[in-house]
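Worksheet: the structure to be examined is printed underneath.
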Amino acid sequence: MTSVFEKMQQYFEGNGFDESFDELYEEEKQLTEAIQKDVTEDREEVMRELESYGPYLYLKNSVKADAFKFDVSDVNGNLKLFINVLDKLGVFFASPFWTKLQNIFGHCCMSKLDKVAKRRPALIRPA
């Protein structure tokens, strides 16, 4: 099975691009690493906030969402942060893990949509 990397490399070579795919790939990896959040800094901040409200297992999803402040555009970063925080808090997770993550992420998305909706009044058009 041909990897995605190999397919992209063949595409670049087959279409006569000036840049080397290897160079572009390496540059993209460096940019991705530079842009990604430092999970350890975020973890400490989230942990402090969560611990100030009491035991994690008894917190409402809205409280967890306020603490995590998930970035809708960075699912991978959200997942890393979530796993890191729960690991440090000593919270055991297995199958309910995904449900908890989805609930918190969903709450973050909904609160951001509510904020956008409040800033943009609905246009009322005559019938």
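Just so you know, these numbers use all the heavy atoms, side chains as well, and skip hydrogens, waters and symmetry mates.
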Interatomic distance, CG@Asn61 vs CD1@Ile104, rounded to 0.5 Å, equals 5.5 Å
Using 30° and 60° as the class limits, which term best fits the ring planes of Phe70 and Phe82: parallel, tilted or perpendicular? perpendicular
Holding to side chain to side chain contact (heavy atoms under 4.5 Å, CB included), I want the full list of residues that pass it with Glu51, two or more places apart in sequence or in another chain. Met47, Leu89
Return yes if some donor-acceptor pair links the side-chain N/O of Lys88 with the main-chain N/O of Val85 below 3.5 Å, else return no. no
Can you give me the closest heavy-atom contact between Ser62 and His107, atom names plus distance? CB-NE2, 3.0 Å
Between Glu44 and Glu49, is the side chain to side chain contact (heavy atoms under 4.5 Å, CB included) condition met? List the steps. CA-CA 9 Å; Glu44 298 303 321; Glu49 188 167 348; over 6 Å; no
Hydrophobic cluster identity match, Val46 and Leu57, side-chain contacts under 4.5 Å: yes
Is Asn78 reaching over with its side chain to a backbone N or O of Asp74, donor-acceptor style, under 3.5 angstrom? yes
Please give me the minimum heavy-atom distance between Lys64 and Leu50, naming the atom from each residue. CA-CD2, 4.0 Å
Inter-residue atom distance Glu45.CD - Leu81.CG, 0.5 Å rounding: 9.5 Å
Side-chain heavy atoms of Asp42 within contact of Phe68, under 4.5 Å: no
